[in-house]
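Data block below; observations after.
Basis for what follows: all heavy atoms, side chains included, without hydrogens, waters or symmetry-related copies. Chain letters run A, B, ... following the sequence lines, proteins first and then strands; every chain starts at 1.
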Amino acid sequence: MLSRDLLRNESDRARALLASRGFDVTALDQWLSLDAERRSGLVEVEDLKRRRNESSKAIGKIKREGGDASAQIAEVGELKGQIETLTSRLEEVETELMQTELGFPNVPDASVPEGEDEAANREERRVGEPRSFDFQPQAHWDLGPELGILDFERGAKLAGARFTVYSGMGARLERALINFMLDLHTGEHGYTELLPPFIVNRDALEGTGQLPKFEEDLFRVEPKGLYLIPTAEVPVTNLHREEILDEEALPLRYTAFTPCFRAEAGSHGKDVRGLIRQHQFNKVELVQVTTPEQSFDALEQLTGHAEKVLQMLELPYRVMTLSTGDMGFSAAKTYDLEVWLPGQDAYREISSCSNCTDFQARRAKIRYRPKGGKPQLAHTLNGSGLAVGRTLIAILENYQQADGSVEIPEALRPYLGGLSKIEPKG
RNA sequence: GGAGGGAUGGCUGAGCGGCCGAAAGCGACGGUCUUGAAAACCGUUGACCAUUAACGUGGUCCGUGGGUUCGAAUCCCACUCCCUCCGCCA
């Protein structure tokens with residue numbers, strides 16, 4: 001959610017910022033008229049309540065003194081009716097106002113390039129040289145089955161398209177990557193490891209911005225109407241929902257490995273081959289809760305923490321700042337890390353690091369208390385550190401050898417019992 | 001799944017249907033004292049909304065949602081969560 005102050009008192013600026021994201025700003029006009037109606041209604045109903053409270057107190061006093069309070073009782077009865085009708089109207093307005101508000105995306109930071117889509121994204125830097133091959137590099141959807149470590153067909157048999165079975169060294173490599181990333185973030189970057197629920201309620205998803213707008217992207221779990229998490233960002237960011245944190249405790253840094261579940265509605269025909277776009281995938285997530293002063297520095301740091309994984313695995317990548325039109329709903333600024341995939345001759349997203357400023361904190365009521373001051377909204381950040389399946393892909397494609405084997409990056413070998421190479425089966 | 005107990009401010013914990021936004025303690029903050037700190041003592045200390053140039057003023061909130069009543073933290077109903085015991089279970 002955006003601050004009502006911004007919407008109300010700087011509505012022209014809000015309009016321009018929302019428009020830059022491709023958002024239909026007629027909703028803002030609707031919001032403004034609802035807000036005005038709410039406020040004038042509040043003044044009216046609060047005055048009626050004041051009169052009712054005064055009369056009620058008078059009744060108590062008269063009765064204690066043994067007097068006759070029937071005049072006051074009649075007055076209260078009349079006020080009550082007026083309050084009821086006004087209140088029910090106000091509740092309608094409030095509900096509509098909320099619904100409108102929950103539909104507004106975050107506003108972009110001034111440093112974000114303006115543009116309609118990914119074409120306007122700004123490349124910040126490239127790290128690492130793409131390796132030159134003296135043979136035609138294969139894509140992971142060929143390498144994986146040939147090595148006997150990825151089984152797309154049996155994944156489809158078990159659950160349908162976009163599900164994959166990891167087998168043997170594939171499963172082992174995925175597990176090694178998870179441990180490697182968690183150890184790095186907890187050991188070197190100061191994050192606390194969490195193992196949260198993989199199923200959450202609506203409140204949590206509303207807190208981080210997936211609901212109410214993006215319900216069709218989620219898997220719903222029937223008996224209780226809960227949802228499978230689309231990212232660990234949801235349970236981890238909501239950890240401190242409706243809490244007032246001590247300022248000294250900030251910044252909070254959490255890392256969590258979880259599987260992620262996405263319905264991928266509307267992405268038919270996109271990335272249908274291989275492991276790029278799955279209904280279920282593993283991710284190690286980074287989340288920070290900071291003060292407003294800290295959050296943009298924290299975004300640089302957090303992005304650096306995710307980059308460190310790629311650097312240690314010696315995978316070439318580039319850093320992109322997403323444009324206003326390409327950013328996610330809750331983000332004020334986002335860096336995407338794109339890893340080089342030689343099998344596809346392209347950079348592909350492997351991490352997305354965002355500063356959500358106070359947007360999620362306002363929805364989830366995550367606050368902190370400055371020393372001796374009033375509670376304030378915190379800022380929240382999240383980033384993948386990294387998407388594990390895509391990291392595995394990157395290793396297969398970048399470290400493949402002419403004989404069909406795949407070398408293991410040095411940094412990962414301790415996690416694989418010292419193994420240096422995955423050989424084709426047979 | 002069955003039986004019982006509970007949910008009050010940052011925390012612990014009182015609270016005859018009106019005088020309760022709520023005792024007390026802890027914590028936090030400010031002050032006295034001290035070279036400084038601790039201790040002691042004094043004082044301040046919930047959140048949200050509206051309104052006001054401001055000082056303020058008003059409204060709402062005692063798990064959530066309904067109900068009874070002129071009036072509810074207090075009475076009634078439903079739900080959620082937590083605890084104890086029994087059953088079942090990885």
Side-chain angles (χ1 to χ4, degrees), chain A residues 1-9 11 31-102 195-207 221-227 235 238-250 252 259 289 291 358 360-378:
Chain A
M1 281 191 290
L2 300 172
S3 91
R4 289 190 168 175
D5 194 54
L6 169 72
L7 298 173
R8 191 184 290 152
N9 300 324
S11 45
W31 184 91
L32 284 166
S33 80
L34 286 166
D35 178 57
E37 183 176 355
R38 169 177 172 271
R39 283 187 298 153
S40 68
L42 263 186
V43 172
E44 199 178 333
V45 81
E46 283 181 4
D47 188 58
L48 290 170
K49 282 180 178 175
R50 195 202 80 239
R51 285 161 56 191
R52 179 201 59 192
N53 292 347
E54 281 168 359
S55 295
S56 278
K57 287 213 168 154
I59 292 166
K61 196 176 173 213
I62 291 166
K63 288 213 164 172
R64 246 175 290 132
E65 290 164 357
D68 173 21
S70 52
Q72 282 78 3
I73 290 175
E75 193 193 345
V76 167
E78 197 175 312
L79 286 170
K80 209 169 143 183
Q82 294 178 40
I83 290 170
E84 263 168 32
T85 36
L86 244 171
T87 301
S88 66
R89 173 60 195 149
L90 266 176
E91 274 166 10
E92 284 172 31
V93 171
E94 185 71 58
T95 306
E96 238 180 298
L97 200 58
M98 261 300 197
Q99 272 171 355
T100 314
E101 250 172 352
L102 286 171
L195 184 56
F198 302 160
I199 298 178
V200 294
N201 57 30
R202 288 192 66 90
D203 287 344
L205 288 154
E206 227 173 73
V221 185
E222 237 359 286
K224 291 190 154 190
L226 300 171
Y227 298 83
N238 278 283
L239 194 67
H240 297 291
R241 190 170 77 218
E242 282 157 50
E243 290 183 22
I244 300 174
L245 304 158
D246 285 335
E247 184 175 22
E248 302 89 79
L250 303 182
L252 294 169
V289 180
T291 64
D358 61 9
Q360 294 180 326
R362 186 172 291 108
R363 290 173 161 244
K365 298 189 180 67
I366 303 166
R367 292 175 291 175
Y368 73 98
R369 188 185 298 279
K371 283 184 229 36
K374 288 267 177 193
Q376 279 193 42
L377 292 173

May I ask you to test the [X]-[Y] pair for a side-chain heavy-atom distance under 4.5 Å?
X	Y	answer
A/L245	A/L252	yes
A/N238	A/V200	no
A/Y368	A/D246	no
A/S56	A/V76	yes

### Presence of salt bridge, A/E54 and A/R50, under 4.0 angstrom
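A salt bridge links A/R50 with A/E54.
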#### Entry: A/R4/A/D35 ion pair, N-O < 4.0 Å
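Salt bridge: no.
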Base partner of [N], which must satisfy Watson-Crick or wobble distances under 3.5 Å:
N	value
B/C55	none
B/A24	B/U12
B/U80	B/A7
B/C29	B/G43
B/G71	none
B/C89	none

When we call it a touch if two heavy atoms are under 4.0 Å apart, what does [X] touch: a base, just sugar-phosphate, or nothing?
X	value
A/I59	base
A/R4	nothing
A/D47	nothing
A/K80	sugar-phosphate

Using whole Å, what does the distance between atom [atom2] of nucleotide [N] and atom [atom1] of [X] come to?
X	N	atom1	atom2	value
A/I83	B/U60	CD1	P	9 Å
A/D246	B/G27	CG	C1'	10 Å
A/E46	B/G59	CD	P	8 Å
A/K49	B/C70	NZ	C1'	16 Å
A/E248	B/A28	CD	C1'	10 Å
A/R202	B/U64	CZ	C1'	17 Å
A/N201	B/C81	CG	C1'	12 Å
A/R39	B/U52	CZ	C1'	13 Å

Whole-angstrom distance between [N] and [M], as gauged at atom [atom1]:
N	M	atom1	result
B/G65	B/U45	P	29 Å
B/U74	B/G67	C1'	15 Å
B/C88	B/A3	C1'	16 Å
B/C77	B/G27	P	41 Å
B/G43	B/C48	C1'	27 Å
B/C26	B/U80	P	39 Å
B/C85	B/A23	C1'	35 Å
B/U68	B/C76	P	15 Å

Using a cut-off of strictly less than 4.0 Å, decide whether [X] has a side-chain nitrogen or oxygen near OP1 or OP2 of [N].
X	N	result
A/R38	B/A50	yes
A/R367	B/A47	no
A/R52	B/U60	yes
A/N53	B/G59	yes
A/K374	B/A47	yes
A/R369	B/A47	yes
A/R8	B/A50	yes

### Task
Could you pull out the closest heavy-atom pair between A/R363 and A/L102, with the gap in Å?
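Looks like NH2-O, 2.6 Å.
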### Residue A/L42, side-chain heavy atoms: nucleotide from B/G71, B/G59, B/A50 that is nearest
B/A50
### Message
What's the closest nucleotide to the side chain of A/I244 if the choices are B/G10, B/C70, B/A50?
### Response
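Closest nucleotide among those given: B/G10.
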### Query
In this structure, are over 12 heavy atoms from other groups packed under 6.0 Å from A/E242 atom CD?
yes
### Message
Need to verify one output field. Residue with the more 5' nearest nucleotide on RNA chain B, A/V76 or A/E91?
### Response
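Here A/E91 is the residue nearer the 5' end.
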